[in-house]
Amino acid sequence: MDMATDKTPVTVLTGYLGAGKTTLLNRILTEDHGKKYAVIVNEFGEVGIDNDLVVDADEEVFEMNNGCICCTVRGDLIRILSGLMKRAGQFDGILVETTGLADPAPVAQTFFVDEDIAARTRLDAIVTVADAMHLTGELDRAPEAQEQIAFGDIVLLNKTDLVTEDDLTGVEARIRQINPTAQIVRTTRADVPLETILGRHAFDLDRILENEPDFLGQDDHGHDHHDHHHDHDHHHHHEDVNRHDAHVSSFSLVSEAPLDPEKFFPWVQTISQEFGIDLLRMKGILAFPDDPKRYVAQAVHMMLEGDHSREWRADEPRISRMVFIGRNLPRDVIEDGFVKCRAARPVPA
Amino acid sequence: MTMTQKVLEADAPLTGGGFAGRAYAVADGDGHVHVCGFDGSVAARKLHGGAILAVATDEKSGAIVTGGDDGKAIRVRPDGEPEVLHDGRKWVDTVAASPRGHVAWSAGKTVFLLPKGADQPVEATAPSSISALRFSLDGKWLGAAVYGGAFLIRLAKPAETAMLSWQGAHNAIGFSPDGRFCVTSMLENALHVWRIDKPEEKHGKMGGYPAKPVSYDWTADGRYLATAGAEVLVLWPFFGADGPIGQQAGVFAAEQELLSRTVASRPNSQQIAVGYVDGSVALFDRKSQQFQPVADEHEAGQVNALGFSADGRWLGFTRERGVAGLVDLGKA
């Protein structure tokens with residue numbers, strides 16, 4: 001149990017077939033960490049369990065009754081999490097493993113949609129396990145692999161002992177194209193300290209874009225150099241009308257001028273509605289005129305949430321920043337709308 | 001004059017309760033059933049290895065049926081040893097008991113129906129995993145709330161099933177006392193109703209709730225459906241040919257605005273008990289349209305189970321974080 005919020009943290013483990021999810025889970029279950037975890041898996045593995053509980057899931061994806069095909073939740077997860085909350089003696093954490101071909105969105109959306117689940121648990125982070133040797137090939141042919149990278153807050157680049165440093169640099173660049181905000185962690189046999197993947201608070205609005213060195217480390221003053229579109233091999237996909245073959249990529253938008261909340265909120269609503277199906281994750285920190293506090297927002301598909309967070313520090317430039325990760329999102333359209341959200345400069349008296 | 005007794009303070013979360021014989025049986029998250037007698041006695045029995053996820057009782061026979069995350073369904077009858085009805089790998093998520101002596105439970109997508117006197121359950125596979133199970137009072141159906149609607153099994157001929165369809169995730173199920181309507185609760189904070197004889201053309205959404213209306217109960221005269229899940233008490237009319245379809249709900253506000261989580265109708269009366277998120281319980285009277293507090297402690301979390309004894313004298317309730325109470329309301 002997380003004493004700060006009284007909510008049990010839930011970590012989602014995703015990753016393509018054979019990337020090393022099971023190795024990681026076995027480690028968590030067998031290691032002497034003194035914590036009590038519940039692990040929701042697709043099939044019972046042959047693992048030693050002392051303190052921990054392993055629950056079999058069915059991966060049932062339910063559409064909501066609102067006509068939106070991306071508003072999906074994991075029905076079995078609602079049932080299992082509700083059941084776990086009934087147990088005497090709560091867990092230090094819950095891990096949810098998804099199958100190798102699963103879309104992580106329904107798992108994440110479950111925590112946005114179901115109020116009873118949101119009242120008792122919180123989504124801590126999505127951890128994507130990737131095979132350093134095979135990831136590039138998987139990304140080329142499997143949209144599922146792209147989406148799993150896109151959703152990750154932490155990408156465990158596993159089996160790094162099987163490839164050269166040059167290969168690793170190339171794979172990491174490829175991951176960055178898809179997801180510039182994820183923390184990439186190199187491992188060999190999924191042997192990371194558990195605190196690297198558990199207790200990350202990646203979905204806490206207060207922490208949005210706080211822990212992404214790649215984002216904050218970049219020059220704060222430019223306007224259009226956060227361009228992650230310059231990959232070389234995606235153009236031949238464009239004739240394919242099947243959106244599952246679409247290419248997942250990302251871009252960032254920055255404004256030094258504060259945004260007008262009267263313009264920003266309707267715009268971001270429109271964006272999440274209009275492009276929600278292809279918008280995998282969005283994160284933003286916004287500066288409004290004469291507002292001492294930062295406004296933070298995030299979205300998974302059409303599920304949008306936002307709130308004021310801490311005050312801007314005196315030494316901190318009040319810059320609005322947004323990161324979009326999605327399938328062939330129209331950057332020009334979104335950027336144009338973003339620019340139009342700038343507040344009018346006050347007219348000197 | 002009402003008398004509220006706190007009959008139980010348990011170390012584990014309470015997961016449900018129901019009247020069994022002259023007692024209120026309460027299930028907890030550590031595998032125990034606490035049988036709380038009307039005389040203030042409590043007898044606890046450890047039945048499951050983990051949490052009891054669901055409990056159902058038959059007041060007349062005194063039978064208690066439980067489902068647990070140890071994969072077991074267990075029945076305890078007065079003066080009998082616990083019978084293990086089911087022992088599988090998956091959790092037993094839901095259970096149901098009918099006043100006619102039938103018992104049912106579910107694990108994942110599979111429904112198990114044990115007719116009265118039978119040794120072996122009949123199995124049926126639902127289209128998705130099951131969130132709730134309930135027998136209709138007219139003895140015709142066993143209903144399961146599933147993804148996509150209500151899955152019904154005809155008790156007289158269990159091989160015959162029917163699907164009342166409506167897109168979305170359904171998480172509770174009930175039947176009107178006259179057996180004409182089936183009502184489910186949905187993830188989208190709404191209820192859905194079907195006329196069972198014409199489910200394709202006669203069905204409708206009962207919406208506008210700020211929370212999931214998972215608890216609802218028909219009034220003793222069968223004319224209204226009382227529902228939780230709002231800061232007001234919502235009553236839907238069920239007396240017309242099509243029940244609430246195309247009708248407006250009646251709304252009754254108490255002095256304080258508190259979200260209700262559970263409701264139960266008092267037999268032989270115009271009264272409805274309402275359990276709130278803060279642990280308090282009030283009694284609403286349809287005649288005076290007044291709310292009267294009957295259990296006023298704001299402790300131990302929301303009221304997650306609420307029910308009356310068949311004679312209407314006793315009101316039993318459980319609070320999520322370990323407290324159960326009995327209220328003696330006198331003769332109904």
Side-chain angles (χ1 to χ4, degrees), chain A residues 1 6-8 36 38-45 49 51-69 71-91 94 106 109-120 302-303, chain B residues 10-16 27-32 48 50-54 67-69 71 89-94 106-109 127-132 146-149 166-171 186-190 192 205 207 210-212 214 229 259 261 277 301-302 304 320 322:
Chain A
M1 183 115 60
D6 222 31
K7 293 182 182 184
T8 308
K36 189 174 163 192
V39 181
I40 301 169
V41 296
N42 305 297
E43 274 167 18
F44 272 116
I49 307 144
N51 233 351
D52 303 318
L53 178 77
V54 180
V55 189
D56 212 357
D58 297 310
E59 243 174 47
E60 289 182 297
V61 175
F62 290 177
E63 278 176 33
M64 305 276 295
N65 187 352
N66 57 6
C68 163
I69 60 159
C71 289
T72 49
V73 297
R74 276 278 301 274
D76 58 321
L77 196 58
I78 293 175
R79 189 172 52 82
I80 291 168
L81 290 174
S82 309
L84 289 176
M85 294 302 115
K86 291 177 180 171
R87 286 177 72 94
Q90 287 300 309
F91 297 96
I94 298 170
Q109 290 176 166
T110 300
F111 295 85
F112 286 78
V113 168
D114 194 301
E115 298 145 15
D116 297 331
I117 296 299
R120 308 291 298 275
M302 289 185 193
M303 313 271 168
Chain B
D11 295 331
L14 299 184
T15 58
D28 77 16
D30 201 18
H32 298 91
H48 291 268
I52 298 181
L53 299 171
D69 64 10
R89 203 185 69 167
K90 280 182 177 280
W91 292 4
V92 176
D93 302 298
T94 69
S106 74
K109 294 179 183 179
S128 78
S129 36
I130 292 147
S131 303
V146 297
Y147 176 56
W166 184 245
Q167 166 75 45
H170 301 251
N171 45 34
M186 298 188 67
L187 182 60
E188 290 86 355
N189 297 350
H192 205 82
K205 174 185 167 179
K212 281 188 260 181
V214 286
L259 187 64
R261 299 310 299 228
V277 275
Q302 62 189 20
N304 61 350
E320 202 171 43

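Only a predicted model underlies this, so the values are computations on that prediction, with no experimental measurement involved. Note that these values count all heavy atoms, side chains included, but never hydrogens, waters or copies made by symmetry. A note on names: the letters A, B, ... follow the listed sequences, proteins ahead of strands, and every chain is numbered from 1.
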Check your understanding: Tell me, do B:D93 and B:I130 make a side-chain contact under 4.5 Å, heavy atoms counted?
Key -> no

Review point. Distance-only, no hydrogens or angles: does the B:S129 side chain make a donor-acceptor pair with backbone N or O of A:D76 under 3.5 Å?
Key: no

Revision key, fill the gap. Between B:D69 and A:R87 the two heavy atoms that sit nearest each other are OD2-NH1, 2.6 Å

Review point. Any idea which of A:D116, A:V73, A:D58 has the most non-hydrogen atom pairs under 4.5 angstrom with chain B?
Key: A:D116

**Study point:** Interface moiety of B:K205 toward chain A, non-hydrogen atoms closer than 4.5 Å
**Key:** neither

Review point. For B:S131, is it the side chain, the backbone, both or neither that has a heavy atom under 4.5 Å from a heavy atom of chain A?
Key: neither

Study note, to complete from the structure: Whatever's closer than 4.5 Å to a heavy atom in chain A on B:A211 counts as both

Check your understanding: Parallel, tilted or perpendicular: which describes the rings of B:H170 and B:H192, with under 30° parallel and over 60° perpendicular?
Key -> perpendicular

Exercise for review: Could you look at A:L84 and say if it's the side chain, the backbone, both or neither that has a heavy atom under 4.5 Å from chain B?
Suggested key: both

Revision key, fill the gap. Applying a strict 4.5 Å limit to non-hydrogen atoms, the region of A:E60 in contact with chain B is side chain

Practice item. Begin from the C-alpha positions of B:V92 and B:L53 and carry the test side chain to side chain contact (heavy atoms under 4.5 Å, CB included) through to its verdict. Key: CA-CA 7 Å; B:V92 176; B:L53 299 171; over 6 Å; no

Review point. A:I80 and A:R74: side chain to side chain contact (heavy atoms under 4.5 Å, CB included), yes or no, with the steps?
Key: CA-CA 10 Å; A:I80 291 168; A:R74 276 278 301 274; over 6 Å; no

**Study point:** Option that, when pairs with chain A are counted at under 4.5 Å, heavy atom only, ranks first among B:G148, B:A190, B:A51
**Key:** B:A51

Check your understanding: Looking at B:N189, B:N304, B:D11, which has the largest count of heavy-atom pairs under 4.5 Å with chain A?
Key -> B:N189

